[in-house]
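Notes follow once the structure below has been shown.
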Amino acid sequence: MKNIIFISPPAGGKGTQSTKLKEVYGYNHLSAGDMLRRCALSNTDLGNKVKDIMSKGELVSDDIITNLIKEELKKCKDKPFILDGYPRTLKQAEALDSIDNIDYVVIYFNISMEDSLKRALGRLTCSCGKSYNLYIDELKPKVEGICDNCKKLLEKRSDDNEESFKVRFNTFIENTKPLIEYYENKNKLYKIDVNKDVDSIFNDIVSIIDNRGN
Ligand code: AMP
């Protein structure tokens, strides 16, 4: 299976699709946001800096996230990986390509700002990594506020509010255009429509990785 890079506006569904790909095909799921959230919990100067940046919806520095990603990539020797939320800038894309023997397909989640906002406001997450959505029937938890898998209490991400969303969406638009051009020029970019049910999106992704498989 090919390595995958997911590029998506906030709450576009890349985490949900990554979880399915991990379950079905054994992918390593490397979520830049999760790595940074873990870092933000550490009571260190770096952790506090990252927490502050994330709460405003801004991007952490290219160097911080690139170092975290490189460490995780070293652990993925035998399994393909999904990069969920990395790269987000042209500089990050270039840093990734400077690593030897890296190949991948890039999948872009096409979703409007209105839909992205609605999903962000309805999102609930569990510390086990599973994500739910109150506004999408198939993504609602079976019991309100409780994770179907591990029965823990679901949480709302602190940056899933309207103010932080606007910064995140605008930051995404600003940084994504050059990123899209970069990957289009390398003939690696696939755009998918994410206004569909989870399984149909999954099938679209599988047909991309199958057609381009090793
Ligand atoms: P996500 O979980 O993908 O929505 O990311 C949550 C937040 O983590 C973003 O709003 C940024 O503050 C930060 N973040 C995630 N990925 C990156 C990245 N590749 N570069 C810089 N900041 C990032």
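Whatever order the structure lists ligands and atoms in, that order sets their numbers, starting from 1.
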- Pairing of K2 and D103 as salt bridge, 4.0 angstrom limit: yes
- Note on the structure: Sorted by chain and number, sequence neighbours left out, side chain to side chain donor-acceptor pair (under 3.5 Å) with Y182 holds for D97
- Query: Does K20 make a cation-pi contact with F202, if we ask for NZ or CZ under 6.0 Å from the ring centre and within 45° of the axis?
  - Reply: yes
- Query: Which residue pairs pass the ring pair (Phe, Tyr, Trp, His ring centres under 6.0 Å) test when at least one of the two sits in residues 21-57, sequence neighbours left out?
  - Reply: none
- So ring pair (Phe, Tyr, Trp, His ring centres under 6.0 Å) across residues 142-163, not counting sequence neighbours, yields none
- Message: Walk me through whether I201 and I192 qualify under side chain to side chain contact (heavy atoms under 4.5 Å, CB included).
- Response: CA-CA 8 Å; I201 300 167; I192 56 167; 3.8 Å; yes
- Task: Could you please provide the protein residues found below 4.0 Å of ligand 1 on a heavy-atom basis, arranged by chain and number?
- Result: K14, A32, G33, L36, R37, M54, E58, L59, V60, I65, G85, Y86, R88, Q92, R157, D159, R168
